[in-house]
Amino acid sequence: MKKRRKNRIGGLLAVVILVSLLAGCGKASPDMALVQADMGTITVPEGVQVVGLGEASHGVKEYQQMKEEVFQALVQNNGCRTFVIEGDFGSALKVDAYIHGGEGTPKEAAALIGFRIYRTKEMEHLLQWMRSYNETASQGEDLHFYGMDMQWADNGKDYLFRILEQVAPQVSAEYEEKFAFLNDEDMYEISGDAFVQGMTEAEELIKEVDEAQSLIEEAFGPETFAFARECAYSLYACCDIRKSDNTYNKIRDSYMAEKVKWFIEHGDGSVIFINGHNGHIGKVNVNPWYDCLGKLLAEDLGDKYFAIGTDAEITEFNSQTEDDFKELKVENRNVLNALAEDLEGKRYYVDFAAVAGSDGWSEIIAKEQRVTTLNVSAVTLLKAFYTTKIIPNETFDGMIIFEEVSPTTTDL
């Protein structure tokens, strides 16, 4: 009898706590009619140049599916034609060739991106959809798939030296030999001194590419020259971020911000979609020791950068191990994800500008709360390490919220 009464009291306390969270201690509950359950209705304000979609974990199926759903919405509603992923620049050029009718399979294309986290059925589905879209797209309306990271070298070298060998074969042969040390297989074994030397060699290579500009443009066009030169610059950046662990995150996010601005400069003026971890995409630093990609873009672009984050109460995810993945589970309840449980689809998108003047919502989106943040590998499942505190409307312009998410469908 005492046990039953204790359970009843515990249940009542849980209800009281939840009501207090949602109602703001007596204030109006948020109007859920203001959120969007259909991701296909997502749109961004006119004038936005870059839309960032963050993911609280790379190993979640629903977050990878969001890449496709949100991108499709932006293609339809905002004329977006460029998808930029937190993946290798040179490798993504081969993926772009695939979605434009190139050889291979979706599985092979996904494996090219540069990280095992993208070797999933969900990513393959996105690439197949982009390829199918391009088959019937009008000229100039085709979609592109690019990468803003620079941690790998093989595919960037292949793109660059394939161009150079046609117009400057001696230069191509010389620098292929000089950069033989910089290869994907040995990337984690290369010494810091070798990376420093590689930066010097890359500076010289960039000069050689610039001197061959007219020849490259005459043979292949100005766009090919631009991408070839950026591949050379990516070799420099790869050496720079790899040379020291102390400044890795700071330098990497800085280079990714440069890449996004490069895509703006060399694009057609349409909206650019970028995708990466929440910690990169958010407009406020999660780590106080360096400025993240999203903050750098927000500072440079202002309201032309629009950031969307993700979160879930229950997260089942794939944590990367040395050779495979391990399924793990964490839980973190906050005001935003508690609202998803009563919705039919157990998920919703909230545009913070659309709800800012609404009673209930105004307090919620300005309230500091913990959200889940999981990297490629989970070192510990202590809540202090897999969550971080944010103020939603300072960090993002909107969020996609789930009650529960599941592991990616890996395809190694």
Side-chain angles (χ1 to χ4, degrees), residues 50 52-59 63 84-89 114-115 117 147-152 187-188 190-193 195-196 198-199 233-234 236-262 274-302 305-311 315 317 319-320 330 332 334 366-397 399:
V50 178
L53 175 65
E55 48 196 34
S57 168
H58 290 308
Y63 296 157
V84 180
I85 200 167
E86 184 188 342
D88 180 57
F89 179 82
F115 296 107
I117 55 172
M148 59 182 168
D149 211 339
M150 66 304 295
Q151 297 192 65
W152 308 105
M187 192 63 73
Y188 291 101
I190 302 171
S191 71
D193 288 342
F195 285 128
V196 172
M199 291 174 66
Y233 183 67
S234 294
Y236 176 91
C238 179
C239 290
D240 195 10
I241 66 172
R242 294 285 190 182
K243 74 179 189 299
S244 172
D245 290 335
N246 295 331
T247 57
Y248 169 86
N249 290 312
K250 177 180 179 179
I251 296 176
R252 181 178 175 231
D253 274 58
S254 177
Y255 277 125
M256 287 199 292
E258 281 188 15
K259 276 286 189 288
V260 173
K261 288 182 283 186
W262 186 89
I274 67 173
N275 172 245
H277 194 276
N278 273 350
H280 295 300
I281 297 299
K283 294 182 171 183
V284 176
N285 293 333
V286 173
N287 190 316
W289 291 285
Y290 69 92
D291 288 341
C292 67
L293 162 68
K295 181 181 180 183
L296 294 171
L297 291 179
E299 289 176 347
D300 286 346
L301 302 179
Y305 176 58
F306 191 95
I308 302 172
T310 54
D311 188 41
T315 302
F317 65 104
S319 177
Q320 185 171 300
V330 297
N332 176 60
N334 57 42
K367 179 183 178 64
E368 183 179 76
Q369 50 198 283
R370 284 195 173 273
V371 296
T372 301
T373 179
L374 293 157
N375 213 319
V376 175
S377 301
V379 179
T380 176
L381 295 185
L382 293 174
K383 182 168 284 192
F385 291 94
Y386 71 77
T387 63
T388 189
K389 290 180 180 178
I390 69 165
I391 297 176
N393 65 355
E394 291 183 2
T395 308
F396 301 109
D397 295 291
M399 292 189 73

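Reckoned from all heavy atoms, side chains included, excluding hydrogens, waters and symmetry mates.
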Counting only pairs under 3.5 Å, give me each side-chain donor-acceptor contact of residues 288-299, with atom names and distances, residues two or more places apart or in other chains.
{"from": "Asp291", "atom 1": "OD1", "to": "Asn285", "atom 2": "ND2", "distance (Å)": "2.8"}
{"from": "Asp291", "atom 1": "OD1", "to": "Lys295", "atom 2": "NZ", "distance (Å)": "3.3"}

Next on the checklist: Under the rule for ring-ring contact (aromatic ring centres under 6.0 Å, His included), what residues qualify as partners of Tyr63, not counting sequence neighbours?
Outcome noted: Phe402

Item to check | Expected output: side-chain Asn278 to main-chain Glu55 donor-acceptor under 3.5 Å | outcome: yes

Item to check | Under the side-chain contact (heavy atoms from CB on, under 4.5 Å) test, residues paired with Leu381 that sit two or more places apart | outcome: Phe317, Leu328, Val330, Ala378

Checklist entry - Which residues pass the side-chain hydrogen bond (donor to acceptor under 3.5 Å, both in side chains) test with Asn275, sequence neighbours left out? => result Lys67

Item to check | Test side-chain hydrogen bond (donor to acceptor under 3.5 Å, both in side chains) applied to Gln151 - qualifying residues, sequence neighbours left out | outcome: Asp149, Tyr248

Checklist entry - Taking the side chain as C-beta and beyond, is there a heavy-atom pair between Met148 and Glu86 under 4.5 Å? => result yes

Next on the checklist: Please give me the minimum heavy-atom distance between Ala56 and Thr310, naming the atom from each residue.
Outcome noted: N-OG1, 3.0 Å

Checklist entry - Is a donor on one side and an acceptor on the other found under 3.5 Å between the side chain of Ser254 and the backbone of Lys250? => result no

Checklist entry - Side chain of Ser234, backbone of Met150: donor and acceptor closer than 3.5 Å? => result no

Next on the checklist: Return the CD1 to CD1 distance between Ile85 and Ile274, rounded to the nearest 0.5 Å.
Outcome noted: 11.5 Å

Next on the checklist: Enumerate the salt bridge (charged side-chain N to carboxylate O under 4.0 Å, His left out) contacts for residues 274-286, please, sequence neighbours excluded, ordered by first and then second residue.
Outcome noted: Lys283-Asp397

Next on the checklist: Looking at every non-hydrogen atom in both residues, tell me the closest pair between Thr395 and Ala307 and how far apart they are.
Outcome noted: O-CB, 4.4 Å

Checklist entry - Can you find a heavy atom in the side chain of Asn375 that is under 4.5 Å from one in the side chain of Phe385? => result no

Item to check | Side chain proximity check, Tyr233 to Glu258, heavy atoms < 4.5 angstrom | outcome: yes

Next on the checklist: Give me the atom names and distance for the closest heavy-atom approach of Met399 to Ile308.
Outcome noted: CA-CG2, 4.3 Å

Checklist entry - Hey, does the side chain of Trp152 reach the backbone of Asp88 with a donor-acceptor pair shorter than 3.5 angstrom? => result no

Item to check | Distance in Å, Ser319 OG paired with Leu374 CG, rounded so as to fall on 0.5 Å steps | outcome: 8.0 Å

Checklist entry - Going through the distances and angles, do Trp262 and Phe89 end up as a side chain to side chain contact (heavy atoms under 4.5 Å, CB included)? => result CA-CA 12 Å; Trp262 186 89; Phe89 179 82; 4.1 Å; yes

Item to check | Validation row: Ile390, Val284 side chains within 4.5 angstrom (heavy atoms) | outcome: no

Item to check | Sequence-distant partners of Asp311, side-chain hydrogen bond (donor to acceptor under 3.5 Å, both in side chains), two or more places apart | outcome: Asn334, Asn337

Next on the checklist: With side-chain hydrogen bond (donor to acceptor under 3.5 Å, both in side chains) as the rule and sequence neighbours excluded, what pairs involving residues 376-387 come up?
Outcome noted: Arg370-Thr387

Checklist entry - What pairs with Asp253 under salt bridge (Lys or Arg N to Asp or Glu O under 4.0 Å), at least two apart in sequence or on another chain? => result none

Checklist entry - Can you find a heavy atom in the side chain of Arg242 that is under 4.5 Å from one in the side chain of Ile190? => result no

Checklist entry - Looking at residues at least two apart in the chain, or sitting in another chain, which of them share a ring-ring contact (aromatic ring centres under 6.0 Å, His included) with His58? => result His277

Item to check | Those residues that, when tested against Tyr236, pass side-chain hydrogen bond (donor to acceptor under 3.5 Å, both in side chains) (two or more places apart) | outcome: none

